[in-house]
Amino acid sequence: MSRISEAFKKEKAFIAFITGGDPDLETSYELIKTMAENGADIIEIGIPFSDPIAEGPVIQEADIRALNAGTTTDALFDLVSRLRKEIEIPLVFMTYMNPVYVYGIDKFLKRCAEVGIDGIIVPDVPFEEKADLAEDCKKNGIDLISMIAPTSLERIETIAKEAEGFIYCVSSLGVTGVRSEITTDIGSMVKHVKNVTDVPVAVGFGIATPEQAKKMAGLSDGAIVGSAIVKLVAKYGKDAVPYVADYVKSMKAGVLEA
């Protein structure tokens with residue numbers, strides 16, 4: 001069983017996302033450490049990319065800030081290597097196929113394994129085209145996190161059968177971003193998954209408040225929050241650490257009430 005799977009064993013999981021290198025690498029280091037210390041069970045680190053098609057304006061702007069600060073994939077590997085001396089919770093890279101392909105798929109995944117990355121999420125690789133990437137992930141002991149969306153319909157169970165680590169349940173159509181209300185029938189989506197696998201399901205896209213986190217975790221095994229955290233980083237920059245710490249603590253409390 002992977003370290004990601006283990007993170008869901010004791011209680012509902014809170015999964016936090018930040019864009020690596022936003023506003024700079026040193027602040028990212030402190031942010032990830034403080035999120036782990038204040039309740040995050042898994043942390044997703046976004047590799048900044050110039051064309052992040054699944055992301056809304058908040059994370060697009062974070063990618064631009066990180067790239068302008070000189071963030072590279074190798075710099076993020078070094079960052080994770082440093083973090084592994086401080087924290088033990090699962091760390092996941094959120095990226096796109098282009099950066100992985102340009103780096104070299106096998107080289108990228110070997111480096112993930114070397115520094116202590118537990119899984120990767122690649123939103124622009126559809127289920128039907130994941131075979132080669134999945135094979136390299138398996139070879140290097142990296143969980144390839146599957147995503148299901150409201151439009152997945154009859155594909156949900158097919159995707160779930162091959163899932164590992166956890167399944168990322170996309171709560172809403174469109175791109176990432178804070179939403180005032182989530183209207184998708186998450187319960188039905190999760191039920192479809194649970195029909196065929198015991199792999200945990202966590203819900204993301206649009207969750208911003210402890211109440212939303214509680215509701216989504218109540219319907220699944222955990223809640224994923226990204227844009228709301230990235231907005232705090234955008235607002236406070238290098239001074240964001242204590243604000244993110246308080247926010248993560250409140251969101252984890254919401255998840256645990258589920």
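Atoms considered below: every heavy atom in the structure, side chains included; atoms not considered: hydrogens, waters and symmetry mates.
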- prompt: Do V203 and L219 have side chains that get closer than 4.5 Å, going by heavy atoms?
  reply: no

Aromatic ring proximity Y101/Y96, centre distance under 6.0 Å: no

query: Taking atom CD of E128 as the centre, does the number of heavy atoms from other residues, nucleotides or ligands within less than 6.0 Å exceed 12?
result: yes

field: I87 CD1 to T34 OG1 distance, which is reported to the nearest 0.5 Å
entry: 10.5 Å

- request: Apply the side-chain contact (heavy atoms from CB on, under 4.5 Å) test between P48 and each candidate in L76, I59, T95; give the one that qualifies.
  value: L76

- request: Verify, without hydrogens or angle tests, whether S250 (side chain) and Y247 (backbone) share a donor-acceptor contact under 3.5 angstrom.
  value: yes

field: D74-Y103 side chain donor-acceptor pair, cut-off 3.5 Å
entry: yes

query: Under 4.0 Å between a Lys/Arg side-chain N and an Asp/Glu carboxylate O for D106 and K139?
result: yes

field: Spatial distance of atom CE (M189) from atom CD1 (I156) [nearest 0.5 Å]
entry: 4.5 Å

task: Among residues two or more places apart or on two chains, list those pairs meeting salt bridge (Lys or Arg N to Asp or Glu O under 4.0 Å) that have a residue in residues 202-214.
output: K214-E257

message: Suppose the criterion is side chain to side chain donor-acceptor pair (under 3.5 Å): which pairs have a residue in residues 17-28, not counting sequence neighbours?
response: D22-R65, D24-T27, E26-R82

task: Would you check, one step at a time, whether the test salt bridge (charged side-chain N to carboxylate O under 4.0 Å, His left out) holds for E162 with K130?
output: CA-CA 11 Å; E162 296 187 16; K130 73 166 192 166; 3.5 Å; yes

- line: d(T197 OG1, K161 NZ) to nearest 0.5 Å is 11.0 Å

query: Does NZ belonging to K194 count more than 12 external heavy atoms closer than 6.0 Å?
result: yes

message: Main chain of A208, side chain of Q212: is a donor-acceptor contact present, judged purely on distance under 3.5 Å?
response: yes

task: Could you tell me whether a side-chain N or O of D118 sits under 3.5 Å from a main-chain N or O of I4, the two making a donor and an acceptor?
output: no

- prompt: Under a 4.5 Å cut-off applied to non-hydrogen side-chain atoms, are F49 and N98 in contact?
  reply: yes

- prompt: Applying the side-chain contact (heavy atoms from CB on, under 4.5 Å) test to I18, which of M35, E44, M94 qualifies?
  reply: M35

field: Step-by-step salt bridge (charged side-chain N to carboxylate O under 4.0 Å, His left out) determination, E11 to K252
entry: CA-CA 11 Å; E11 58 195 21; K252 175 61 177 180; 3.0 Å; yes

message: Restricting to ring pair (Phe, Tyr, Trp, His ring centres under 6.0 Å), what partner residues turn up for F166, sequence neighbours left out?
response: F8

- prompt: Is L109 close to L133 at the side-chain level, that is, under 4.5 Å between some pair of heavy atoms?
  reply: yes

statement: Taken to the nearest 0.5 Å, the spacing of F108 CZ from I120 CD1 works out to 5.5 Å

Over 12 foreign heavy atoms within 6.0 Å of CD, E37: yes

message: Can a donor-acceptor pair be found, under 3.5 Å and without considering hydrogens, that links the side chain of T72 to the backbone of A75?
response: yes

D78 vs R111, salt bridge (charged side-chain N to carboxylate O under 4.0 Å, His left out): CA-CA, chis, key distance, verdict: CA-CA 10 Å; D78 292 342; R111 192 81 179 106; 3.3 Å; yes

query: How far does CG of D63 sit from CG of D51, to the nearest 0.5 angstrom?
result: 10.0 Å

task: Return yes if some donor-acceptor pair links the side-chain N/O of K12 with the main-chain N/O of V255 below 3.5 Å, else return no.
output: no

query: To the nearest 0.5 Å, how far apart are CZ in F127 and OG1 in T158?
result: 6.0 Å

message: Could you tell me if the side chain of I186 sits less than 4.5 Å from the side chain of M216, heavy atoms only?
response: yes

